[in-house]
Trainee: 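Submitted below is the structure of interest, expressed as structure tokens.
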Amino acid sequence: YKEAILGENDIIRLIGLSGNGKTRLVAECYKENDNREKYLYGDMQLLDEKEIYGVATRVFDEFPEATLVVDNCDYETHKMLMKFRRKSRVKTKLITIYYAPTEKTSTDYVCLKMADKQIEVVEKIFRNYRDFKSEEEHLKFLDATGGIPLIAEQLVKILREEGNDNGWIDDTNYITKLLGYGETSEEREALRALSLFAELEYDEKSTEHKVLEFVAKNKNILSVTKPDAMIVNWLVSIVRTQIKRGIIEKTGTTIRIRPQRLRDGLLTEWAEQCDDGRIAKVITEIDGSEFKEQLTGALNSQLLSIISSN
């Protein structure tokens, strides 16, 4: 991968499972490279399409020898950036990154897929513990880890410590073992609330976490009995803990629970505890909040991901 990234290829598309180190790989390639001062990075989580197109056009026009890296770049934006680059007729190298291991590819650029290698790593982590008992168990393990080595390491560590892995892959056991929180714990309830959204805004450098505050103080989203003065800091501390454990992925200034199976399982638990009236109230309260656009989109994205996975 390093040779391909630093080579003569003008346009590179790096795709793979979430959390498998795509962004870090590109950054490390340029860290020790002679062209590190010409490495320009942009994150689509932080910029809208107009902003990234404006930045790209300026880079193509004014910095032809630079390398422009655009993270969290979906396929349509990638195609548009290629179009701008061709129009400018420059030599600027373009690298786009996205979490879509099954995305279609084209001969117009070099596509580097990290999915296969990541799955090999995850499989190796399990086989260092023991062989798979069946193909069904093999596939369940890949699903349980989301192809994320860090999650695979945690699951195998649990199996080693317990010594009895019969039924470990069942949904309830899986969630309990991976989180380390029982079904009735308040911490698990907090993660259930976060699982309603495909992603949420979170800036670890900020002293204010307004989106998390909205989630924490809304009793229809998070039904935990704690004073308002305490509950925000309590939720933020859970987020920080789970970021360190790899359960919550932080990309730019957004966070999300991973892998998908865990997020879906937590959302299912949340839904089982409430009736249609509570869900309607959540939607109404989001609609009336200052975070309407962000939270509505994040809620819809999570619901759509469950529908598509089923």
Side-chain angles (χ1 to χ4, degrees), residues 1-5 12-29 71-72 97-105 111-181 191 195 198-199 241-251 255-268 302 305-306 308-310:
Y1 289 129
K2 184 175 182 180
E3 183 178 343
I5 291 171
I12 298 170
R13 179 79 165 152
L14 187 60
I15 57 178
L17 292 162
S18 176
N20 66 2
K22 299 180 295 297
T23 304
R24 186 180 296 109
L25 170 64
V26 176
E28 288 297 324
C29 285
D71 204 351
N72 294 300
I97 305 170
Y98 198 57
Y99 51 92
T102 59
E103 179 182 280
K104 59 184 178 181
T105 59
C111 183
L112 304 178
K113 291 187 176 183
M114 293 185 67
D116 292 342
K117 291 293 183 183
Q118 288 302 121
I119 289 174
E120 288 177 13
V121 172
V122 168
E123 291 172 333
K124 184 177 180 180
I125 290 171
F126 189 90
R127 288 193 171 106
N128 285 337
Y129 167 62
R130 65 163 171 79
D131 289 332
F132 291 106
K133 294 178 180 178
S134 64
E135 181 60 18
E136 181 184 11
E137 183 183 60
H138 175 208
L139 294 176
K140 283 185 175 181
F141 184 73
L142 294 180
D143 179 52
T145 63
I148 304 168
L150 184 59
I151 302 297
E153 289 174 352
Q154 290 192 46
L155 285 175
V156 169
K157 181 182 178 183
I158 292 167
L159 298 181
R160 289 184 185 278
E161 290 174 349
E162 295 194 353
N164 180 5
D165 53 13
N166 291 327
W168 70 274
I169 208 72
D170 294 340
D171 284 337
T172 302
N173 286 335
Y174 163 72
I175 296 174
T176 300
K177 292 179 185 298
L178 191 54
L179 293 182
Y181 300 139
L191 292 170
S195 74
E199 60 184 24
T241 296
Q242 297 305 327
I243 287 175
K244 290 179 181 178
R245 297 187 65 235
I247 297 298
I248 290 181
E249 177 186 27
K250 180 179 177 297
T251 306
I255 55 171
R256 63 174 181 165
I257 295 174
R258 64 176 190 176
Q260 182 73 42
R261 178 180 168 185
L262 175 62
R263 190 162 74 243
D264 292 351
L266 288 167
L267 178 55
T268 298
Q302 172 60 347
S305 72
I306 289 182
S308 62
S309 65
N310 292 332

Trainee: Return the set of residues passing side chain to side chain contact (heavy atoms under 4.5 Å, CB included) with Thr105 (not counting sequence neighbours), or none when no residue passes.
Mentor: Tyr109, Cys111, Lys113
Trainee: Show me the donor-acceptor pairs within less than 3.5 Å that the side chains of residues 149-159 make with the rest of the protein, sequence neighbours left out.
Mentor:
residue: Gln154; atom: OE1; partner: Arg245; partner atom: NH2; Å: 2.9
residue: Gln154; atom: NE2; partner: Arg245; partner atom: O; Å: 2.2

Trainee: Go through the structure and list residues passing salt bridge (charged side-chain N to carboxylate O under 4.0 Å, His left out) with Glu3, not counting sequence neighbours.
Mentor: none
Trainee: Nearest 0.5 Å please: distance from the CZ atom of Arg258 over to the CD1 atom of Ile248.
Mentor: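 That separation rounds to 10.5 Å.
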Trainee: What pair of heavy atoms forms the shortest contact from Ser195 to Leu266, and how long is it?
Mentor: OG-C, 3.4 Å
Trainee: So, the side chain of Arg263 versus the backbone of Ile257: is there a donor-acceptor pair under 3.5 Å, distance only?
Mentor: yes
Trainee: I'd like to check Leu191 versus Leu262 (side-chain heavy atoms, cut-off strictly below 4.5 Å). Are they in contact?
Mentor: no
Trainee: Kindly give the heavy-atom pair with the smallest separation between Glu137 and Lys133, and that separation in Å.
Mentor: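 It is OE1-N, 2.8 Å.
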Trainee: Determine whether more than 12 heavy atoms belonging to other residues, nucleotides or ligands lie under 6.0 Å from atom CD of Glu135.
Mentor: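 Count over threshold, so yes.
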Trainee: Grab the two heavy atoms, one from Arg160 and one from Asn128, that are nearest each other, plus how far apart they are.
Mentor: NH2-O, 3.0 Å
Trainee: Among all residues two or more places apart in sequence or in another chain, which pass the side chain to side chain contact (heavy atoms under 4.5 Å, CB included) test with Thr23?
Mentor: Tyr41, Asp71, Ile97
Trainee: Which distance, rounded to the nearest 0.5 Å, do you find between the CG of Leu112 and the NZ of Lys2?
Mentor: 14.5 Å
Trainee: What I'd like to find out is whether the side chain of Val26 reaches to under 4.5 Å of the side chain of Ile12, using heavy atoms alone.
Mentor: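 A side-chain contact under 4.5 Å is absent here.
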Trainee: Please work out which of the three classes, parallel, tilted or perpendicular, describes the rings of Phe132 and His138, given edges at 30° and 60°.
Mentor: tilted
Trainee: What heavy-atom pair brings Arg261 and Ala144 nearest, and what distance separates the two atoms?
Mentor: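 Heavy atoms only, the tightest pair is NH1-CB, 3.8 Å.
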Trainee: Measuring from Ile125:CD1 to Thr145:OG1, what's the distance to the nearest 0.5 Å?
Mentor: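 One gets 8.5 Å once the value is rounded to the nearest 0.5 Å.
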Trainee: Would you say Lys140 and Tyr174 make side-chain contact, with heavy atoms under 4.5 Å?
Mentor: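 Sidechains of Tyr174 and Lys140: no contact.
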Trainee: Who pairs with Asp131 by side chain to side chain contact (heavy atoms under 4.5 Å, CB included), at least two apart in sequence or on another chain?
Mentor: Arg127
Trainee: Got a sec, which residues hit side chain to side chain donor-acceptor pair (under 3.5 Å) with Glu161, two or more places apart in sequence or on another chain?
Mentor: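 Glu161 satisfies side chain to side chain donor-acceptor pair (under 3.5 Å) with no residue once adjacent residues are dropped.
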Trainee: Do you know which two heavy atoms are closest between Lys22 and Tyr98, and how far apart they sit?
Mentor: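 The answer is CE-O, 3.3 Å.
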